[in-house]
S.K.: 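Once you've had a glance at the structure underneath, I'll fire off some questions.
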Amino acid sequence: MKLFTNKTQRNAKLLRCAALGMTLIFFGAAILMTNPVKLFEDWQISLSPNTLLYKLWLHPPLEVYITVYMFNYTNVDAFIEGTDAKMKVEEVGPYVYQEVLTNHNITLNEANNTITYTPRREYIFVPERSVGDPKVDRIRAPNIPYMGVSTQAASLSMFAALGLSALAKRLNAQPMLEVTVHDYMWGYEDHLVHLASKFVPSLIDFSSFGIMEKLFREGNESNVVNMHLLEPKDAHGVNLPGSPRAYSLNSINYERGFKRWEYDEATNGTQCNRIWGSHDATLFPRDMNEHDTFYMYRRTFCRLLPMRFNRTLDFRGLDAYEYIMDPKVFDSELHSANSSCFCKNNQCLKRGVGNVSPCYYNMPLAITYPHFMHADPSLLRAFDGLSPNESRFTTTVMLQPQLGVPLHVHVRLQANQVVGNIKFNRLMEPFENLVLPLLWVDLTIDNLPPSLQVLAYALKSVFPKLQFAIALGLLLGGLYQLIAALLLCFWSPSAGLHKTEHGEKTTNVLGNLNLAQSLHMPSSAECAQPEAQKLLYHGDAYKLEV
């Protein structure tokens with residue numbers, strides 16, 4: 001009589017069950033140790049051809065808006081005549097334009113792990129977000145070229161200054177213009193500018209002037225950007241020391257710093273005049289922490305804008321770090337290596353006023369926070385209608401810290417006309433040594449498009465949880481298979497059938513059979529499942545028979 005039909009067959013099934021258990025445990029542990037979601041993320045969130053980020057970066061789906069508020073000067077005549085002691089300014093807007101970015105002329109440089117490209121931006125008016133039609137609405141605002149020439153004349157000889165004054169008078173140039181909002185932003189004909197473009201084309205290469213045209217479109221078709229790719233890693237997946245940060249700029253038009261701000265290639269410059277190491281506000285740093293500071297660069301700023309960590313928050317189900325711009329970002333000090341280059345001829349502008357003239361044909365222009373927030377209080381004394389407000393004018397950038405995805409962005413800056421000393425120009429004398437607000441802009445990303453929101457949420461929440469659940473299921477399944485194999489190995493049914501010393505009849509075999517049969521294995525690998533058996537009585541003992 002035999003207990004099992006084939007002991008060898010039973011052992012083979014037991015080994016298969018144990019092998020399946022070990023395999024499941026191996027794959028479960030491998031998932032936990034290698035983190036496939038992270039590997040997939042690193043692969044797809046890299047600027048390599050055919051990756052997800054590369055396709056998105058060529059034609060970014062982010063909805064970027066530039067919201068513009070103009071300053072309308074309502075009592076210019078009374079101020080010039082001396083009747084009113086202050087200029088009254090009225091904020092007019094918003095006028096909203098969508099910025100559409102595409103990247104062209106792509107070259108991957110494997111030798112230094114960078115990518116070279118030419119960004120092109122178009123600006124499309126968005127009437128439903130705007131207060132009116134900029135081609136119809138009119139304002140009175142400073143005549144930027146005329147005021148710039150008048151300020152620069154103070155540094156010339158008396159005869160040159162008199163000549164410029166006479167020329168401006170002959171051309172009937174006025175310090176204030178009445179013009180449509182559209183023309184003031186994107187270009188209006190100016191006789192002085194037109195004449196200058198004829199006589200000094202090397203300095204003035206345009207015949208019309210628009211403040212938004214110069215701030216945002218200048219060099220739009222020709223800028224060549226060189227940017228670092230993801231940091232190279234060692235065999236353990238750790239970033240190599242000294243590697244430039246991912247997606248930070250290496251150079252613009254083959255220059256790593258502002259030569260206009262006296263950048264020195266030999267010393268790598270200072271934060272005052274560097275371009276390299278900053279980010280262009282389209283791709284941001286990855287794997288941020290609460291101690292990080294990063295720098296934003298666009299030609300509009302004519303400098304780097306440092307962003308420092310402010311707080312952690314939840315933004316529509318995603319972890320977010322909020323960064324704000326330092327209140328002193330536009331301060332200049334002669335004794336500070338990080339701001340002294342902004343002081344020309346050892347003269348710095350007032351606190352909170354950032355010189356940008358070298359980036360704009362040396363016209364005396366400056367940037368500040370809107371309504372002179374965080375600036376010298378004396379700047380407000382010449383105006384009625386300005387009211388600094390931190391809740392409205394603070395620059396904030398909200399990022400998903402691991403991916404570096406921008407969730408919500410507001411970059412708020414004001415463009416200003418700086419008027420210095422005036423010589424031999426009676427019309428300009430009332431504006432002497434003033435900083436006149438021209439407009440302020442809010443560069444905005446309201447939120448991610450729905451497709452990117454779903455992707456970011458999946459990468460940082462759904463996929464990691466799903467990966468952990470799969471790994472845990474494999475580990476538990478493997479452990480179950482091993483335990484089942486051990487039970488079958490040590491609690492063999494053959495040990496349950498025996499005859500006692502006193503010839504008593506025993507049926508312990510029934511309990512052992514039920515135990516073995518109760519161990520259910522996966523359908524693909526049944527372990528030691530006994531065949532149909534019968535318990536027969538022969539003489540003075542029970543025997544098991546197939």
Side-chain angles (χ1 to χ4, degrees), residues 62-71 89 91-97 99 129 215-216 271 278-282 284-285 288 290-298 300-316 318-332 338-339 342 349-354 356 366-377 379-380 383 385-401 404-416 435 437-448:
L62 291 177
E63 295 182 351
V64 181
Y65 295 97
I66 298 178
T67 304
V68 186
Y69 295 87
M70 311 298 298
F71 288 106
V89 293
E91 186 180 278
V92 180
Y95 298 96
V96 182
Y97 296 83
E99 181 181 85
R129 288 182 172 231
L215 290 176
F216 288 97
Q271 293 302 338
S278 62
H279 293 77
D280 69 351
T282 56
F284 289 89
M288 304 288 288
E290 297 181 3
H291 304 289
D292 268 334
T293 294
F294 67 94
Y295 296 85
M296 288 196 306
Y297 166 81
R298 284 187 66 167
T300 305
F301 314 148
C302 197
R303 65 183 64 214
L304 305 187
L305 299 181
M307 305 297 297
R308 60 177 175 81
F309 176 81
N310 184 43
R311 59 174 175 157
T312 301
L313 66 160
D314 180 274
F315 184 78
R316 300 180 181 177
L318 292 171
D319 294 335
Y321 283 3
E322 183 184 70
Y323 292 81
I324 61 173
M325 198 161 68
D326 195 304
K328 298 182 178 181
V329 66
F330 301 120
D331 292 0
S332 303
N338 288 327
S339 65
F342 301 128
L349 298 179
K350 289 185 177 181
R351 175 167 59 88
V353 182
V356 296
I367 58 174
T368 64
Y369 282 103
H371 289 230
F372 297 130
M373 186 176 72
H374 301 312
D376 192 314
L379 297 171
L380 293 169
F383 303 97
L386 299 181
S387 54
N389 185 329
E390 288 197 35
S391 64
R392 187 183 178 209
F393 299 140
T394 297
T395 287
T396 60
V397 175
M398 196 181 298
L399 301 177
Q400 203 291 323
V405 175
L407 303 176
H408 196 66
V409 175
H410 284 285
V411 178
R412 297 165 171 132
L413 300 170
Q414 179 173 297
N416 308 273
V435 178
L438 304 173
L439 55 82
W440 72 272
V441 299
D442 184 354
L443 187 67
T444 303
I445 298 175
D446 289 332
N447 49 58
L448 288 177

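Residues take their numbers from the sequence shown, with the count starting at 1. For the numbers below, each heavy atom of this structure counts, side chains included, while hydrogens, waters and symmetry mates do not.
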S.K.: So, R412 side chain and R392 main chain: donor-acceptor pair closer than 3.5 Å or not?
M.R.: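 Confirmed, R412 side chain pairs with R392 backbone.
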S.K.: About how many Å separate CD of E91 and CZ of F71, when rounded to the nearest 0.5 Å?
M.R.: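 It comes to 5.5 Å.
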S.K.: Begin from the C-alpha positions of V409 and L443 and carry the test side-chain contact (heavy atoms from CB on, under 4.5 Å) through to its verdict.
M.R.: CA-CA 7 Å; V409 175; L443 187 67; 5.9 Å; no
S.K.: Drop me the distance from M325's CE to F301's CZ, to the nearest 0.5 angstrom.
M.R.: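 Interatomic distance, M325 CE to F301 CZ, rounded to 0.5 Å: 8.0 Å.
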S.K.: Would you name the heavy atoms of N416 and L438 that are closest together and state the gap between them?
M.R.: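 Looks like C-CD1, 3.8 Å.
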S.K.: Please walk me through it: do Q271 and L304 pass side-chain contact (heavy atoms from CB on, under 4.5 Å)?
M.R.: CA-CA 7 Å; Q271 293 302 338; L304 305 187; 3.7 Å; yes
S.K.: When rounded to the nearest 0.5 angstrom, what is the spacing between OG in S387 and CZ in F372?
M.R.: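 Reported value, rounded in 0.5 Å steps: 12.5 Å.
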S.K.: So, for L313 and E322, which heavy atoms are closest and what is the spacing to 0.1 Å?
M.R.: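 Heavy atoms only, the tightest pair is CD2-CB, 3.8 Å.
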S.K.: Any side-chain heavy atom of I324 within less than 4.5 Å of one from R308?
M.R.: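 Yes, side chains in contact.
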S.K.: Looking at every non-hydrogen atom in both residues, tell me the closest pair between L349 and A366 and how far apart they are.
M.R.: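 In terms of heavy atoms, the two residues are closest at CD1-CB, 4.2 Å.
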S.K.: Over all heavy atoms of both residues, which pair between F315 and A320 is shortest? Give the atoms and the distance, please.
M.R.: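 The answer is CB-CB, 4.0 Å.
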S.K.: Nearest 0.5 angstrom please: M398 CE to T312 OG1, how far?
M.R.: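 Between atom CE of M398 and atom OG1 of T312 there are 11.0 Å.
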S.K.: Enter the distance from H279:NE2 to F284:CZ here, rounded to the nearest 0.5 Å.
M.R.: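 Result: 8.5 Å between the selected atoms.
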S.K.: Measuring only between side-chain heavy atoms, which start at C-beta, is N310 closer than 4.5 Å to T396?
M.R.: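 No, side chains not in contact.
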S.K.: Is the closest side-chain heavy-atom distance between P377 and K350 below 4.5 Å?
M.R.: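 Result no, sub-4.5 Å side-chain heavy-atom pair not found.
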S.K.: Between S278 and Y297, which heavy-atom pair has the shortest distance, and what is it?
M.R.: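 That would be OG-CB, 3.3 Å.
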S.K.: Look only at the side chain of T368 and the backbone of G352, and say whether a donor-acceptor pair between them is shorter than 3.5 Å.
M.R.: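 Between the backbone of G352 and the side chain of T368 there is no qualifying donor-acceptor contact (under 3.5 Å).
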S.K.: Could you give me the CA-CA distance, side-chain angles and deciding distance for L399 and F294, then say whether side-chain contact (heavy atoms from CB on, under 4.5 Å) is met?
M.R.: CA-CA 12 Å; L399 301 177; F294 67 94; 4.0 Å; yes
S.K.: Taking Q400 for the side chain and L407 for the main chain, is one N or O donor matched with an acceptor at less than 3.5 Å?
M.R.: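 Checked: no pair found.
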S.K.: Find out whether D292 and F309 are in side-chain contact, i.e. whether some heavy atom of one side chain is under 4.5 Å from a heavy atom of the other.
M.R.: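 They are not in contact (no side-chain heavy atoms under 4.5 Å apart), so the answer is no.
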S.K.: With side chains defined as the heavy atoms from C-beta onward, is the minimum distance between Y69 and P370 less than 4.5 Å?
M.R.: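 No. Closest side-chain heavy atoms not under 4.5 Å.
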S.K.: So Y323 and Y321, would you call those rings parallel, tilted or perpendicular, with 30° and 60° as cut-offs?
M.R.: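 It falls in the tilted class, 30° to 60°.
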S.K.: P406 versus V397: any side-chain heavy-atom pair under 4.5 Å?
M.R.: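 Not touching, per the 4.5 Å side-chain cut-off.
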S.K.: Can you name the nearest heavy-atom pair linking A281 to M296, along with the distance?
M.R.: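 Reported closest heavy-atom pair: CB-SD, 4.1 Å.
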S.K.: Which value, rounded to the nearest 0.5 Å, describes the distance between W440 atom CH2 and T67 atom OG1?
M.R.: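 W440 CH2 to T67 OG1: 8.0 Å, rounded to 0.5 Å.
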S.K.: Give a yes or no on whether the backbone of D442 and the side-chain of T444 come within a donor-acceptor separation of less than 3.5 Å.
M.R.: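 Present.
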S.K.: Could you check R351 against L379 for side-chain contact (heavy atoms from CB on, under 4.5 Å), going step by step and ending with a plain yes or no?
M.R.: CA-CA 10 Å; R351 175 167 59 88; L379 297 171; over 6 Å; no
S.K.: With respect to L305, which candidate in T395, L413, D326 satisfies the side chain to side chain contact (heavy atoms under 4.5 Å, CB included) definition?
M.R.: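 Single side chain to side chain contact (heavy atoms under 4.5 Å, CB included) partner of L305 among T395, L413, D326: L413.
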